[in-house]
Amino acid sequence: MSKKSARINKSPLRRYSSQVLDGPERAPSRAMLYAVGFQAKDFAKPQVAIASTWSMVTPCNMHLDVLAREAAGGANAAGGKATIFNTITISDGISMGTEGMKYSLVSREVIADSIETVIGCEGFDGFVAIGGCDKNMPGCMLAISRLNRPAVFVYGGTILPGCLNGKNLDVVSVFEAVGQRAAGTINDKQLQKIESCAIPGAGSCGGMYTANTMASAIEAMGMSLPNSSAQVAISAHKKTDARDAGAAVVNLLKRGIVPSDILTRESFENAITLIIALGGSTNAVLHLLAMAHAAKVKLHIDDFTKIGRRVPVLADLKPSGKYLMSELVAIGGIVPLMKQLLSAGLLHGDCLTVTGKTLKQNLAPFQPYPKGQQVIRPLKDPVKKDSHLVILYGNLAPGGAVAKISGKEGEKFRGTARVFDSEEAALENILKGSVKKGDVIVIRYEGPKGGPGMREMLGPTSAVMGKGLGKDVALVTDGRFSGGTHGFVVGHITPEAFDGGPLALVKNGDTIEIDAIKHRLTLDIPAAEMKRRKAKWKKPAPRYRRGVLAKFAASATSASTGAVTDAGL
């Protein structure tokens, strides 16, 4: 008998809930649940949790309560007993550029910890996790991997575009409008018009930004239902997806399929392949490394380079391209693209998924994209022939760094360092015009420990684009970038400045070279000078000494290993 068969035979539908609910001695537990709506017959059913990140904090999540109820209905109809609970979310878009943004990456860990805590405490047999904003997806997946109970992820869906004067808008339009206002190309009244109509309702930010990137990656890994990642938030399709996910968990329970059967090395390779083809966010590198760690799958930043050599960018999606996620949804979503990649031998089709079928079986019924569409390019005519996610090394990043190189800004940049010890200082100088053509903006002490929390630099990068310097200025940081960032940017530099990495030693006027062809990031000073500067450097005091940010700073690993908080356990 195989190990899997032995495990299934020992795993009844109520492996966990029976410990909490069965027998005379568990009467107090059952009594508590009568009060929240249970009937006697419900205690004999598999208990299915619906972990929702619903909140009115952000439009990304404001509709997830509706999807949670749909998922509960699907689980109940399939023979389970569903219970809905909530966890937190934060809004990157609202907190961006402020001290509050330091809580963004931390929220990934809080979400994972809170889902694990509730599921583990209450003895749920399986669960649906529903996410909307950027950190929801990896946070849910960390919990799914740690718990290893039958589970399905549901993405809240993309927002529809705003519109002004016949032009589609999204949240990045507003960030870039700030730069346009500083450059004098628009006035306050025009800025107010853009901000008032760019975000028309519920759903995650509308380009191939981090939320859509991570949802797509999770689908490619087999942990959500087909096309779950490519649906409009406010749509009948999204409600059906949530309801079907509830039923799918009960099916997984019956078949004894758990996440570790699905989350394999090959499934992570599928995720990397798809996000490259979609032109996805640099955050995918950080989060996939963390998710692989939770799933006990060996993954390294260099795997992005290896896969990136053979996988082209095919999607002409924002931020670097023309189209929004809703326009990809309108032509069939990501499934036809996955089918195209599978036919080209770029995906592992035999990977198991939450449908109980293989990826290849899931893709078989779907039709190709309609003729004439421009959103997804053919393999023979890609947007870029290899990956836009470029892993760099060099004396400025001996532990690695992640660049986002669309090809439109070129593949090399050599310029003069303009050094700032915080995002706020950099943004102030960009907006007032002191950053000039040929500068390499250096933003440091924004890493996992130094920030702490590794803030995203959407404010500075959008200001650069808004001021028309996108091809003339580069930016390097030990922080992160929003999925909405485009331009010549390098983030995740390790070791980070707070740990005494070379980024801490850069001075104004130094020459920095970014070479995406040779995968090098170089500070052009002699090694002896680097050594002298290192000897004089003093580690700054921690910015937080208590609370969740202090705990994160004390336990987080480097960006090159996913900034995970449990690596030493």
With the side chain counted from C-beta on, respond yes when Phe481 and Val402 share a heavy-atom pair under 4.5 Å apart, and no when they do not. no
With a 4.5 Å cut-off on side-chain heavy atoms, are Met291 and Phe268 touching? yes
Lys551, NZ: over 12 other non-hydrogen atoms inside 6.0 angstrom: no
How far apart are the C-alpha atoms of His293 and Asp566, what are their side-chain angles, what is the distance that settles it, and do they pass the side chain to side chain donor-acceptor pair (under 3.5 Å) test? CA-CA 9 Å; His293 170 78; Asp566 61 349; 2.9 Å; yes
Is there a donor-acceptor pair closer than 3.5 Å between any side-chain N or O of Tyr369 and the backbone N or O of Gly333? yes
Side-chain contact test, heavy atoms from C-beta onward, threshold under 4.5 Å: evaluate it for Met208 versus Thr213 and give yes or no. yes
Consider only side-chain N and O atoms of Asn212 and Tyr155, and report whether a donor and an acceptor are under 3.5 Å apart. yes
Taking the side chain as every heavy atom from C-beta outward, state whether Ser229 and Ile334 have any atom pair closer than 4.5 Å. yes
Would you please say whether a donor-acceptor pair under 3.5 Å links the side chains of Asn136 and Asn61? yes
For the atom pair CE (Met325) and CG (Leu317), what is the distance rounded to the nearest 0.5 Å? 7.5 Å
Pair Lys135 + Glu456, salt bridge at N-O below 4.0 Å: yes
Under a 4.5 Å cut-off applied to non-hydrogen side-chain atoms, are Gln340 and Leu314 in contact? yes
Do Asn227 and His237 have side-chain heavy atoms sitting under 4.5 Å apart? no
Taking the basic N atoms (NZ, or NE/NH1/NH2) and the acidic carboxylate oxygens, is any pair closer than 4.0 Å for Asp303 and Lys298? no
Does either side chain, that of Asn270 or that of Thr273, offer a donor lying less than 3.5 Å from an acceptor on the other one? no
Under 30°, 30 to 60°, or over 60°: which ring-plane class applies to Phe43 and Tyr34, parallel, tilted or perpendicular? perpendicular
Any donor-acceptor pair under 3.5 Å from Asp170 side chain to Ser173 backbone: yes
For residues Leu263 and Met141, determine if any side-chain heavy atom of one lies less than 4.5 Å from a side-chain heavy atom of the other. yes
Between Arg146 and Asp113, does any NZ, NE, NH1 or NH2 come within less than 4.0 Å of an OD or OE carboxylate oxygen? yes
So for atom NZ, which belongs to Lys239, do other residues, nucleotides or ligands contribute more than 12 heavy atoms lying within a distance under 6.0 Å? no
